[in-house]
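Residue numbers start from 1 in every chain, and the chains themselves are labelled A, B, ... in the order their sequence lines are given, proteins ahead of strands. Here the structure is a predicted model, which means the values were calculated and not measured.
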There are 2 protein chains.
Amino acid sequence: MAESSDDPLRLANQVCFPLYAATNLLQRLYRPLLAPLGLTYSQYLVMLILWERAPVTVGEIGSCLHLDNGTLTPLLKRMERGGFITRSRDPRDERRVLVAPTPQGLELRTQALRIPEDLAQRIALGTGEIDTLRNSVVSLVHHLADDLDRGKEGSGGAEAR
Amino acid sequence: MAESSDDPLRLANQVCFPLYAATNLLQRLYRPLLAPLGLTYSQYLVMLILWERAPVTVGEIGSCLHLDNGTLTPLLKRMERGGFITRSRDPRDERRVLVAPTPQGLELRTQALRIPEDLAQRIALGTGEIDTLRNSVVSLVHHLADDLDRGKEGSGGAEAR
DNA sequence: AGCCATTATATGGCTAGCAATCTATCTAGG
DNA sequence: CCTAGATAGATTGCTAGCCATATAATGGCT
């Protein structure tokens, strides 16, 4: 089996698979913590943005979270139905939709404060490890986002091979 | 804003969000590489298992990939329709379904060999960095999987291999 | 043999995610 | 003005992912 430890198609040698698995598992872990608030994980991410600054446009949310607006439009509609946010056309530019938290959405923040603690306990990694991990993944995200943006824009783009 | 850099609800301080974003971006990156083979990313992961060993049961795939069988059943049916795999009841135990690659599914492996290389270029991290990253995420996955299993069983259910 | 708890997979109903396409609005150039 | 291109969101159609539940087969116990 000299080959199997180098085999690039071996599941155990994949880099992306652990990221994929961790993300699925994390969402499962978040689910019961967020259910009492009535939010899913993606909706929680949207609230994190709105608690920092509002109103924001759909496009701004999309570029913060690296999500497509085919994903966001229905997601935001569900959040509006749930009474967490309002959506309204920007009077300055009717193409834009401004998203802002409702009073109920703002209050949720207090309940949300315990979530990062609860989670940190279950992740059970040391703070240093977590920081290292976050840093490497953040830099990966930047690489990937740049790469994908380049691919999208590049009419005259370098096609690298 | 002395507070904002400690604020546990600040998007930039989240650990899980970068994992989530990286996973979405990676799937977008994989999509055009896998499309010529007719596979999605999850289907590719299933093929990685089947190229290593076959036949396997649905449950074994689920515990390798940390996926639920409510996810796998329809996914495997699509792969069967696509001609990549066969699904058949185990004659020894009719509850089980054995999954194995078709000849076409086996041949795909040759084309798949270039995918990890293509990807490595675009991820553009040094090998050392990648190893570090993989190791931390793998250990995170173990923590999370154990944690979730413990919550599910409640009493002593020995499992795993 | 017959029943019961367990195990393996399947189904239904929901949310999410993406690519491709469409619609409405805005901005420039004439 | 008015039309051409660009921009912001919405829509469509697909795959994937989860939970809760249902069905079917197995094994043990009496």
Side-chain angles (χ1 to χ4, degrees), chain A residues 20-32 34-35 38-46 56-63 65-82 87-99 148 151-153 155, chain B residues 20-32 34-35 38-46 56-63 65-82 87-99 148 151-153 155-159:
Chain A
Y20 165 89
T23 299
N24 286 337
L25 292 169
L26 279 170
Q27 295 215 31
R28 256 177 265 176
L29 209 51
Y30 265 106
R31 195 180 308 273
L34 290 170
L39 295 174
T40 64
Y41 183 64
S42 329
Q43 294 174 4
Y44 170 68
L45 293 177
V46 171
V56 290
T57 67
V58 173
E60 285 167 336
I61 297 176
S63 62
L65 301 185
H66 304 284
L67 289 175
D68 176 291
N69 58 23
T71 301
L72 284 172
T73 296
L75 185 137
L76 294 171
K77 282 186 177 174
R78 283 187 289 272
M79 294 180 74
E80 186 181 35
R81 257 193 281 121
R87 300 186 321 131
S88 53
R89 290 282 167 182
D90 183 346
R92 308 271 168 233
D93 182 345
E94 293 275 346
R95 289 172 302 182
R96 300 185 179 196
V97 168
L98 297 176
V99 180
L148 283 164
K152 208 144 266 178
E153 298 295 334
S155 49
Chain B
Y20 164 89
T23 300
N24 286 337
L25 292 168
L26 279 170
Q27 295 216 32
R28 256 177 265 176
L29 209 51
Y30 265 107
R31 194 181 309 272
L34 290 170
L39 294 174
T40 64
Y41 183 63
S42 329
Q43 293 174 6
Y44 170 68
L45 293 176
V46 170
V56 290
T57 67
V58 174
E60 285 168 335
I61 297 176
S63 61
L65 301 184
H66 305 284
L67 289 176
D68 177 291
N69 57 23
T71 300
L72 285 172
T73 297
L75 185 137
L76 295 171
K77 281 185 178 174
R78 283 187 289 271
M79 293 181 73
E80 186 181 34
R81 255 194 282 121
R87 301 184 322 129
S88 54
R89 290 281 165 182
D90 183 344
R92 306 269 168 237
D93 181 345
E94 294 273 346
R95 290 171 303 181
R96 300 183 179 197
V97 168
L98 297 176
V99 180
L148 283 164
K152 207 145 267 176
E153 299 292 337
S155 42
E159 173 74 46

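Sorted by first and then second residue, the side-chain hydrogen bond (donor to acceptor under 3.5 Å, both in side chains) pairs involving residues 67-81 of chain B (not counting sequence neighbours) are E80(B)-R87(B).
Computed from coordinates, the R96(B) CZ to dT23(D) C1' distance equals 18 Å when rounded to whole Å. At whole-Å resolution of the value, CG in L65(B) and P in dC18(D) are 11 Å apart. The nearest whole Å value for the distance from the CG atom in L67(A) to the P atom in dG9(D) is 14 Å. Atom CG of L25(A) and atom P of dC18(D) are 8 Å apart (whole Å). In this structure, L98(A) places its CG atom 11 Å from P of dA10(D), rounding to the nearest Å. Remark: C1' of dG17(D) and CD of Q27(B) are 11 Å apart, rounded to the nearest angstrom. We find that CG of L148(A) is positioned 12 Å from C1' of dC18(C), with the value rounded to whole Å. Nucleotide dT23(D) holds its P atom 15 Å from the CZ atom of R89(B), rounded to whole Å.
Between V58(B) and H66(A), the residue whose closest nucleotide on DNA chain C is further toward the 5' end is V58(B).
Taking CD of Q27(B) as the start and CG of L34(B) as the end, the distance is 9.5 Å to the nearest 0.5 Å. Interatomic distance, CG of L148(B) versus CG of L29(A), reported as 5.0 Å (0.5 Å rounding).
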Identify the pairs formed between an N or O of the protein and an N or O of nucleotides 25-29 of chain C at a distance under 3.5 Å, and give each distance.
| residue | atom | partner | partner atom | Å |
| --- | --- | --- | --- | --- |
| dC26(C) | OP1 | E94(A) | N | 2.9 |

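Heavy-atom distances under 4.0 Å link DNA chain C to D68(A), G70(A), T71(A), L75(A) of residues 68-77 of chain A, given in residue order.
Nearest heavy-atom pair across Q43(A) and G38(A) is OE1-O, 3.8 Å.
Relative to the side chain of R28(A), the nucleotides dC18(D), dA16(C), dT15(D) differ in distance, and dC18(D) lies closest. Residue Y20(A) places its side chain closer to dG17(D) than to any other of dG17(D), dA10(C), dA10(D). In this structure, of dC19(D), dA8(D), dA8(C), it is dC19(D) that holds the atom nearest to the side chain of R31(A).
Partners of T23(B) by side-chain hydrogen bond (donor to acceptor under 3.5 Å, both in side chains), not counting sequence neighbours, listed by chain and number: T23(A). Remark: Y41(A) engages Y30(A), Y20(B) in a ring-ring contact (aromatic ring centres under 6.0 Å, His included) (not counting sequence neighbours). Taking R95(A) as the reference, D93(A) meet the side-chain hydrogen bond (donor to acceptor under 3.5 Å, both in side chains) condition, with sequence neighbours excluded.
Residues L98(B) and T57(B) are in side-chain contact: their nearest non-hydrogen atoms beyond the backbone lie under 4.5 Å apart.
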_Using side-chain contact (heavy atoms from CB on, under 4.5 Å), reason through M79(A) and V46(A) one step at a time and then give a plain yes or no._
CA-CA 9 Å; M79(A) 294 180 74; V46(A) 171; 4.0 Å; yes
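OP1 or OP2 of dG17(C) has at least one side-chain nitrogen or oxygen of S42(A) nearer than 4.0 Å.
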